[in-house]
Amino acid sequence: MANKNKIQRLSGMHDILPEDQYYYENIFDTCRQIAEFYDFKKIDTPLLEYSDLYIKGAGISSDIVQKQMYSLKTKGGDSLTLRPEFTPGVARAYIEHGMNNLPQPVKLFSYGPVFRYEHPQAGRYRQFHQFNAEVIGDGSPVVDAQLIQFFYNALRELKVKNIVVEVNSIGDSQCRPYYRKLLTNYLKSREASLCADCRRRAKENPLRVLDCKEEKCQRIISQAPQTIDHLCEECHSHFKSVLELLDEAEIPYRLNPHLVRGLDYYTKTVFEMYSEEKKEEDVSQPRLCLAAGGRYDGLFKLLGSEATKAAGGALGVERVNLLIKDKEAKSTKGPEIHVFLAQLGMAAKRKSLKLFEEFRRARIRVAESFGKDSLKAQLRAADKAEVKYTLLLGQKEVLEGTIIIRDMKTGKQDIVKFDKVVDEIKKRIRG
Ligand code: HAM
């Protein structure tokens with residue numbers, strides 16, 4: 001049992017240590033570069049929003065709202081929630097800043113932490129990071145296909161192997177009510193065999209049953225009526241175009257007629273991406289969805305704004321990292337450091353602080369061990385840093401206004417004027 005007196009990180013939340021920063025930045029940078037090429041602009045929205053935004057956005061019957069929100073009450077009585085996803089916040093910002101007056105569509109990307117109170121396990125955390133992309137103000141199937149292309153290529157660029165793209169259409173307000181009725185009747189006839197969660201879902205939002213991973217429900221799901229057989233003409237032709245566009249773009253996909261996604265705001269196209277490359281030790285683990293999204297033409301009305309067509313998706317950074325980390329050449333080394341600044345005595349220490357800053361302004365990386373007093377220890381640190389030059393500043397040099405430059409390869413030492421040393425080093429390392 002955890003020692004109650006010892007403060008530890010929360011379950012499902014993790015530190016990203018310095019040696020892991022490279023991997024995260026690599027994922028963010030790669031996605032960001034592709035997003036900018038696709039003409040997405042970056043938007044940051046607050047971590048905290050009114051809870052109503054997510055309740056209206058994700059839907060009262062979604063797992064996110066039912067059990068996964070980190071919510072708090074302010075002293076004034078407002079209910080606020082830490083963002084469990086980006087989409088409702090980005091939609092709110094679009095509405096609040098009148099972005100409907102900009103040329104449409106408005107393409108926005110964001111990245112950062114999101115919070116969901118989930119059962120922590122491998123690849124499932126309570127605080128994790130997403131790279132999110134939204135295209136707002138365009139109902140064309142090209143947008144859906146381009147978003148799928150964007151996430152597919154981001155995963156490829158990140159060297160994820162054997163990517164599987166699953167797609168489906170879940171219809172819209174025209175055709176979904178009829179399908180819902182069909183599904184409700186079917187589920188009612190098999191209610192006794194459903195898991196407890198699905199018995200509730202069958203009443204509140206029957207489509208969500210199709211998303212259940214329980215084995216007993218899987219058997220029922222496999223026989224259930226399928227959305228694509230009951231699409232209205234518009235949804236059918238929209239989906240047909242999306243598939244044709246994916247064929248043309250040579251993006252391999254699988255039709256998964258039971259793919260519905262866990263959020264209520266989706267309409268028409270939905271997609272999820274996986275990797276079928278498994279490490280031996282995790283063959284028993286359920287496959288983890290790496291990126292997912294879809295069209296959500298109904299969300300803006302739910303948020304009280306005029307109807308606005310939109311689509312988007314998000315990539316789970318931790319899950320991608322779990323897959324690619326082992327393959328990435330570990331690059332814990334920062335930029336190359338050419339100089340070590342060693343000092344001896346208080347007067348030299350004082351001068352060193354200022355000199356260090358002058359090197360920063362000249363954009364020359366300098367290593368130091370100002371906390372150490374022994375020259376021997378400092379020279380050992382200089383060796384370890386594999387620098388080309390060590391600068392030696394002692395009492396004598398301070399009095400004479402000089403500094404010693406030691407070439408670490410040849411051992412040759414030169415005395416130069418203290419206020420010329422930055423220029424001298426610049427000359428030596430930059431030629
Ligand atoms: P989502 O499927 O809930 O969609 O999350 C997107 C991705 O976040 C998942 O595919 C997965 O990689 C990652 N993810 C989800 N939950 C966890 C977790 N507990 N731990 C680690 N990673 C996780 C959305 O969030 C939608 N807002 C996507 C979207 C944007 N749809 C339209 N626009």
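Predicted, not measured: the structure shown is a model, and the values here were computed from it. In listed order, ligands and their atoms are each counted from 1. Throughout, numbering of the chain's residues begins at 1 and tracks the sequence.
Scanning the protein for heavy atoms near atom 9 (C) of ligand 1, the closest one is Cys289 O, 4.0 Å. Protein heavy atom in closest approach to atom 6 (C) of ligand 1: Gln130 NE2, 3.3 Å. For atom 19 (N) of ligand 1, the nearest protein heavy atom (residue, atom name, distance) is Glu118 OE2, 2.6 Å. Atom 30 (C) of ligand 1 has as its closest protein heavy atom Thr87 OG1, 3.0 Å.
Under a cutoff of 6.0 Å and an axis angle of 45°, Arg365 and Phe359 do not form a cation-pi pair.
Proximity to Asn132 (heavy-atom distance under 4.0 Å) selects the following atoms of ligand 1: 30 (C). Applying the 4.0 Å criterion to heavy atoms of Ala314 picks out, from ligand 1, the atoms 6 (C), 7 (C), 28 (C).
Residue Glu318 places every heavy atom at 4.0 Å or more from ligand 1.
The heavy atom nearest to atom 31 (N) of ligand 1, considering only Tyr274, Tyr266, Tyr117, Phe128, is found in Tyr266. The heavy atom nearest to atom 4 (O) of ligand 1, considering only Gln127, Glu134, Arg261, Glu85, is found in Arg261.
For ligand 1, the polar-atom distance check against Tyr125 finds a nitrogen or oxygen pair separated by under 3.5 Å.
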Criterion ring-ring contact (aromatic ring centres under 6.0 Å, His included) on Tyr253 and Phe271, from CA distance to verdict: CA-CA 9 Å; Tyr253 62 85; Phe271 67 86; over 10 Å; no

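In this structure Asn205 satisfies the side chain to side chain contact (heavy atoms under 4.5 Å, CB included) test together with Ser61, Arg180, Leu207, Arg208, Asp264, sequence neighbours excluded.
By the 30° and 60° cut-offs, the orientation of the rings of Tyr111 relative to Phe109 is parallel. Classification of the Phe150-Phe40 ring pair by plane angle, with boundaries at 30° and 60°, yields tilted.
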